[in-house]
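First up is the structure itself, then whatever we jot down about it.
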Amino acid sequence: MTEMGCIGVVGCGQMGSGIAQLAAVNGYEVWLHDADSVALSKARESISSRIENLVLKGYLTKGKGTEAIRNLRCTSNLEDFHSADMVIEAIVESEDVKKKLFVQLDNIVKSSSILASNTSSISITRLASVTSRPSQVIGMHFMNPPPVMKLVEIIRGASTSDDTFNATKSLAERFGKKIVCSQDFSGFIVNRVLMPMINEAFYALYTGVATKEDIDAGMKLGTNHPMGPLELADHIGLDVCLSIMKVLHAGLGDSKYLPCPLLVQYVDAGRLGRKKGVGVYNYR
Ligand code: CAA
């Protein structure tokens, strides 16, 4: 089985920086890549301050915290991934962009390295097909925020080997996560079930069933969810929710997955959720 020492993470957004934090805290050498060097230095600062908080709260010893911060290296040059045993991609949810990245990574990393995607819905089989190592390509889907949420969904593509699966499972377990395994169909398990609920909450708002506050309170208190569906959409990112609905609709072909026009309109207006300061709610 592939021994992991060095992990590359591509993309320093909410998911990529959370995954890099998990890897650094669990003793791995980490390279975090993003083309945007300003975003990268902000990500480094926020990961360091989250690790310092873990030390302050007593979850990590001071020594482990210092080691974790030392484990994390940031780069805008993908070539630095040449020594990575595994690369986890957490970039924009676009099949074309991810495929271009996989072609580049396939040429840079060692022949033994695993290429994982944190995609929330895109076919692992199709991403693997652009590489020379489809047996070493896998879906490793973290939930947001990765350091807090207990689950990692593992998705095997049509050619993923048992070795790749076992190495990925061990890594997720080293991160302290429970795993579930999904077949490679649009949306996998979590988003197949979650996104239609969020989309339906947008329809409820769009058709005037109730206010956003009452829709959220109804689901939060009525079904014991930590967040209401509209608040959760703002947390995930409305652009991410929309692109997952489009993948569900294209991949499963049922009109029940058509994105709600209100969700589309919010995304068109740049109301992408918490990360932009405004989504369904205003955070400014
Ligand atoms: N990174 C790291 N740690 C974070 C964090 C972040 N972005 N946000 C919060 N935390 C930590 C806090 O430091 C705090 O830690 P302690 O308990 O040790 O103090 C803990 O999480 C709780 O945070 P808060 O007290 O600030 O807030 P909260 O109790 O309201 O919890 C929450 C926040 C964990 C996000 C909670 O509201 C929750 O679980 N919401 C639902 C999130 C969810 O469903 N995520 C999955 C979305 S689906 C998905 O991700 C798949 C996809 O492809 C779209």
Side-chain angles (χ1 to χ4, degrees), residues 13-15 17-19 50 57 90 92-93 118-122 139 141-155 176-183 185-284:
Q14 305 176 82
M15 299 306 291
S17 49
I19 296 165
R50 285 204 302 261
K57 286 177 184 165
V92 62
E93 209 43 23
N118 178 54
T119 179
S120 27
S121 57
I122 295 170
H141 182 211
F142 292 81
M143 306 297 127
N144 185 3
V148 177
M149 302 301 288
K150 295 185 175 74
L151 183 78
V152 169
E153 192 172 35
I154 297 185
I155 306 100
K177 305 298 182 191
K178 285 262 174 225
I179 65 147
V180 290
C181 303
S182 171
Q183 296 293 323
F185 293 110
S186 305
F188 318 131
I189 302 171
V190 172
N191 283 322
R192 174 80 177 260
V193 178
L194 175 67
M195 283 302 152
M197 182 190 76
I198 288 179
N199 198 47
E200 202 57 36
F202 273 93
Y203 270 114
L205 183 61
Y206 176 58
T207 55
V209 171
T211 62
K212 53 184 181 288
E213 292 82 4
D214 278 4
I215 293 168
D216 274 346
M219 292 306 291
K220 196 171 160 178
L221 304 177
T223 63
N224 242 0
H225 290 185
M227 286 174 165
L230 299 169
E231 190 191 355
L232 182 57
D234 276 355
H235 170 77
I236 293 167
L238 268 50
D239 51 338
V240 177
C241 296
L242 177 59
S243 78
I244 297 170
M245 285 309 297
K246 286 180 176 167
V247 169
L248 289 176
H249 187 232
L252 302 168
D254 192 314
S255 61
K256 72 181 178 184
Y257 300 113
L258 267 173
C260 173
L262 188 63
L263 171 61
V264 176
Q265 191 186 57
Y266 279 9
V267 173
D268 286 344
R271 294 172 65 159
L272 305 185
R274 258 185 192 282
K275 63 188 168 190
K276 290 284 177 192
V278 60
V280 179
Y281 295 93
N282 196 337
Y283 301 92
R284 292 180 178 131

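For L238 against R271, the heavy-atom pair with the smallest separation is CD2-O, 3.2 Å. When all heavy atoms of I189 and C181 are compared, the closest pair comes out as CD1-O, 3.7 Å. Closest approach of N118 to F142, counting heavy atoms only: OD1-N, 2.8 Å. Of all non-hydrogen atoms in S121 and V247, the two that sit nearest each other are O-CG1, 3.5 Å. When all heavy atoms are compared, the tightest approach of F188 to T119 is CE1-O, 3.5 Å. Closest approach of A210 to D214, counting heavy atoms only: CB-CB, 4.2 Å.
By the neighbour-count criterion of 12 heavy atoms within 6.0 Å, atom CD of Q183 is sparsely surrounded, having that number or fewer from other residues, nucleotides or ligands.
Side-chain contact between R50 and S17 is present, with heavy atoms from C-beta onward closer than 4.5 Å. At a threshold of 4.5 Å between non-hydrogen side-chain atoms, the residues V267 and L272 count as touching. Looking at heavy atoms from C-beta onward, S186 lies out of side-chain contact with R192 at the 4.5 angstrom threshold. Residues N199 and L263 have side chains in contact (heavy-atom distance under 4.5 Å, counting atoms from C-beta outward).
Of the inter-residue distances, the one linking F202 atom CZ with L242 atom CG reads 9.5 Å to the nearest 0.5 angstrom. Remark: M15 CE to H141 NE2 distance equals 5.5 Å, nearest 0.5 Å. With values rounded to the nearest 0.5 angstrom, I122 atom CD1 is found 11.5 Å from I155 atom CD1. The CG atom of L205 sits 4.5 Å away from the CD1 atom of I215 when rounded to the nearest 0.5 Å.
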* Check the pair K276 / D239 against salt bridge (charged side-chain N to carboxylate O under 4.0 Å, His left out), numbers first and verdict last. => CA-CA 11 Å; K276 290 284 177 192; D239 51 338; over 6 Å; no
* Worked verdict on I198 versus I236 for side chain to side chain contact (heavy atoms under 4.5 Å, CB included) -> CA-CA 11 Å; I198 288 179; I236 293 167; 4.0 Å; yes
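Side chain of E153 to main chain of V190: a donor-acceptor pair is present (N/O by atom type, distance under 3.5 Å, no hydrogens or angles). Judged by distance alone, with hydrogens and angles left aside, the side-chain atoms of E93 form a donor-acceptor pair with the main-chain N or O of S120 at under 3.5 Å.
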Side-chain atoms of residues 145-152: list all donor-acceptor pairs with protein atoms under 3.5 Å, sequence neighbours left out, distances to 0.1 Å.
none

Donor-acceptor pairs under 3.5 angstrom involving side-chain atoms of residues 222-234: please list them, not counting sequence neighbours.
residue	atom	partner	partner atom	Å
T223	OG1	M219	O	2.4
T223	OG1	H225	NE2	3.4
E231	OE1	G228	N	3.3
D234	OD1	V280	N	2.8
D234	OD2	V280	N	3.2
D234	OD2	Y281	N	3.0
D234	OD2	Y283	OH	2.5

